[in-house]
S.K.: 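Before we start, here is the structure in question, set down as structure tokens.
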Amino acid sequence: MFSLPKLDYQYDALEKCISKEIMELHHSKHHQTYVDKLNAALENHADFQSKSIEELVRGVNELPKELQKPVRNFGGGHYNHSLFWKFMSPDGGGQPEGKLANDINSKYGDFQKFVDEFSAQAVGVFGSGWAWLLDDLSIVTTANQDSPIMDGEQPPILGIDVWEHAYYLDYTYKRPDYVKAFWEVVNWPEVARRYNNS
Ligand code: MN
């Protein structure tokens, strides 16, 4: 059965972007609920309990009919949040280095143009969803808890949760301010590691 992953930092460690209060609710309540509901959905499906979360989410459309919706929503929620916590660090911010930096510059012109494009896409998500950077350095968005891997993509190398639960207590309706602050906590060494392994 699936379980809530431990964070690599304290709840108050990302306050350059996200308050302790949001982090605690987001991780210990929202993410925990996705895990619990995923486990409940799989209770009578022992044959799927040993799969990794990535396998389950990637193969959502081939699952038995009654599992497709819970795995899409709660499995997607568990998968997306597990990535999201890794994409941020108390030592984050700044700019990427090495091959990732060079390739971002080649594709977008410079780092700031990339930040502007990613931010515009994140701000532009209608309703609840995510913005992602894929391993070909394209930027995509998904609705709800959908993941790009449901469409056959490789795992995203960066992503931001733009559900209101991710920012409303800190920023109310000002999603652009949350997205702007996100760059202060992006864990670029982790993004680069995922990019180089892709
Ligand atoms: Mn969330």
Side-chain angles (χ1 to χ4, degrees), residues 1-42 52-54 56-58 60 68-90 92 118-134 139-151 153 155-187 190-191 194:
M1 299 304 256
F2 294 98
S3 59
L4 186 68
K6 280 200 172 21
L7 298 182
D8 299 326
Y9 40 78
Q10 302 296 312
Y11 285 137
D12 64 358
L14 302 179
E15 290 199 320
K16 281 184 283 186
C17 175
I18 306 170
S19 66
K20 178 184 179 186
E21 191 179 12
I22 286 188
M23 279 303 298
E24 186 160 6
L25 289 169
H26 202 174
H27 179 256
S28 72
K29 304 295 185 213
H30 289 278
H31 190 169
Q32 182 72 61
T33 300
Y34 295 127
V35 171
D36 292 345
K37 290 188 170 177
L38 175 63
N39 285 336
L42 293 174
S52 72
I53 188 60
E54 187 180 325
L56 270 180
V57 170
R58 181 180 292 287
V60 64
Q68 290 188 11
K69 194 171 173 190
V71 167
R72 179 172 290 275
N73 291 340
F74 310 131
H78 176 39
Y79 178 69
N80 290 339
H81 287 83
S82 298
L83 288 174
F84 183 51
W85 311 132
K86 295 286 185 188
F87 293 150
M88 299 184 289
S89 161
F118 187 98
S119 299
Q121 296 238 14
V123 169
V125 172
F126 182 74
S128 299
W130 296 76
W132 306 102
L133 181 64
L134 301 184
I139 300 163
V140 299
T141 63
T142 57
N144 303 313
Q145 294 299 352
D146 286 1
S147 165
I149 69 171
M150 294 173 181
D151 300 319
E153 299 289 352
I157 61 172
L158 177 66
I160 181 172
D161 184 347
V162 293
W163 283 56
E164 282 189 347
H165 70 223
Y167 64 88
Y168 207 85
L169 281 177
D170 291 345
Y171 298 93
T172 65
Y173 61 92
K174 295 172 199 147
R175 188 192 287 178
D177 291 356
Y178 160 62
V179 172
K180 189 174 177 199
F182 175 68
W183 300 105
E184 301 287 313
V185 294
V186 171
N187 186 351
E190 178 66 15
V191 178
R194 290 169 186 268

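Start at 1 and go down the list; that is how both ligands and their atoms are numbered.
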S.K.: Step by step, would you call Leu56 with Phe2 a side-chain contact (heavy atoms from CB on, under 4.5 Å)?
M.R.: CA-CA 12 Å; Leu56 270 180; Phe2 294 98; 3.6 Å; yes
S.K.: Does some side-chain heavy atom of Glu153 sit less than 4.5 Å from a side-chain heavy atom of Val140?
M.R.: no
S.K.: Students often mix this up, so state it plainly: with edges at 30° and 60°, are the rings of Tyr171 and Tyr178 parallel, tilted or perpendicular?
M.R.: tilted
S.K.: Any sub-3.5 Å donor-acceptor pair from His165's side-chain atoms to Ile22's backbone N or O?
M.R.: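 Checking the backbone N and O of Ile22 against the side chain of His165, no donor-acceptor pair under 3.5 Å is found.
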S.K.: State whether a side-chain donor-acceptor pair under 3.5 Å links Trp132 with Ser147.
M.R.: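 Judged by distance alone, the side chains do not pair up.
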S.K.: Judged by modelled atom types alone, do Trp85 and His31 share a side-chain donor-acceptor pair under 3.5 Å?
M.R.: yes
S.K.: Hey, which protein N/O/S atoms does the Mn ion (ligand 1) have under 2.8 Å?
M.R.: His26 NE2, His81 NE2, Asp161 OD2, His165 NE2
